[in-house]
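Working notes for the structure below.
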Amino acid sequence: PNDVTAEAGWLGYAGDARTGFIPSVDDADWFRFYARGSSSRVAVSPIDSQVDLQLTLYADDGVTPVGTSDAGGPGEAELITAVLSIGTYY
């Protein structure tokens with residue numbers, strides 16, 4: 001249901017949390033949220049110690065990357081901290 005930008009799950013305003021399910025290594029889950037023009041933290045955490053996640057934050061066009069994180073290994077969280085202009089992000 002949220003495998004493409006057009007079906008991105010709504011997180012609401014920055015600060016809300018949601019849970020997604022990654023059933024395979026090539027799965028991508030899309031979420032969108034509204035930033036109020038301040039410093040924001042976007043993070044993902046696996047519940048399985050064997051999962052190695054990658055996180056990319058996109059601008060409101062759903063194409064332009066604002067930041068990416070692939071620093072952690074299996075079982076590690078990924079985090080992006082950025083000052084975001086007012087608007088929707090993916």
Side-chain angles (χ1 to χ4, degrees):
N2 62 339
D3 294 337
V4 294
T5 311
E7 298 173 356
W10 176 245
L11 291 178
Y13 295 97
D16 293 347
R18 294 290 184 269
T19 301
F21 177 68
I22 310 288
S24 64
V25 296
D26 60 345
D27 183 44
D29 281 353
W30 286 83
F31 295 93
R32 61 188 169 97
F33 67 94
Y34 186 82
R36 296 182 174 146
S38 61
S39 181
S40 297
R41 292 172 37 122
V42 180
V44 292
S45 299
I47 59 171
D48 184 325
S49 64
Q50 302 302 310
V51 175
D52 186 8
L53 300 173
Q54 178 182 7
L55 174 63
T56 304
L57 177 63
Y58 291 94
D60 64 353
D61 63 5
V63 176
T64 306
V66 174
T68 187
S69 177
D70 192 17
E76 300 293 322
E78 300 293 345
L79 172 68
I80 297 172
T81 301
V83 176
L84 303 175
S85 298
I86 294 172
T88 300
Y89 292 84
Y90 293 89

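The heavy-atom pair separating G9 from N2 by the smallest distance is N-CB, 4.0 Å. Contact between A43 and L79 at its shortest, heavy atoms only, is CB-CD1, 3.9 Å. Annotation for G75 and P46: closest pair C-CG, 3.6 Å, computed over non-hydrogen atoms. Considering every non-hydrogen atom in both L53 and S45, the closest pair reads CD1-C, 3.9 Å.
W30 and L84 fall into different hydrophobic clusters, where Ile, Leu, Val, Met, Phe, Trp and Tyr are joined by side-chain heavy atoms under 4.5 Å apart, directly or via other members.
Checked against V66 for a side-chain contact (heavy atoms from CB on, under 4.5 Å), the options T56, L57, D60 give a single hit: L57.
Counting only distance, with no hydrogens or angles, the side chain of E76 and the backbone of D52 share no donor-acceptor pair below 3.5 Å.
The ring-ring contact (aromatic ring centres under 6.0 Å, His included) test applied to Y90 returns no partner, not counting sequence neighbours. For T81, there are no side-chain hydrogen bond (donor to acceptor under 3.5 Å, both in side chains) partners, not counting sequence neighbours. Residues forming a side-chain hydrogen bond (donor to acceptor under 3.5 Å, both in side chains) with T64 (at least two apart in sequence, or on another chain): D61.
The side-chain heavy atoms of I86 and Y34, taken from C-beta on, include a pair separated by under 4.5 Å. With contacts defined as side-chain heavy-atom distances shorter than 4.5 Å, the pair R32/Y89 does not qualify.
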Practice problem: Evaluate the side-chain contact (heavy atoms from CB on, under 4.5 Å) criterion for residues V42 and F31: first the C-alpha distance (whole Å), next the side-chain angles of each, then the deciding distance (0.1 Å), finally the verdict. | Solution: CA-CA 11 Å; V42 180; F31 295 93; over 6 Å; no
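D70 contributes atom CG, which lies 9.5 Å from atom CG of L55 (distance to the nearest 0.5 angstrom). The line from OG of S40 to CD1 of I80 is 11.0 Å long, rounded to the nearest 0.5 Å.
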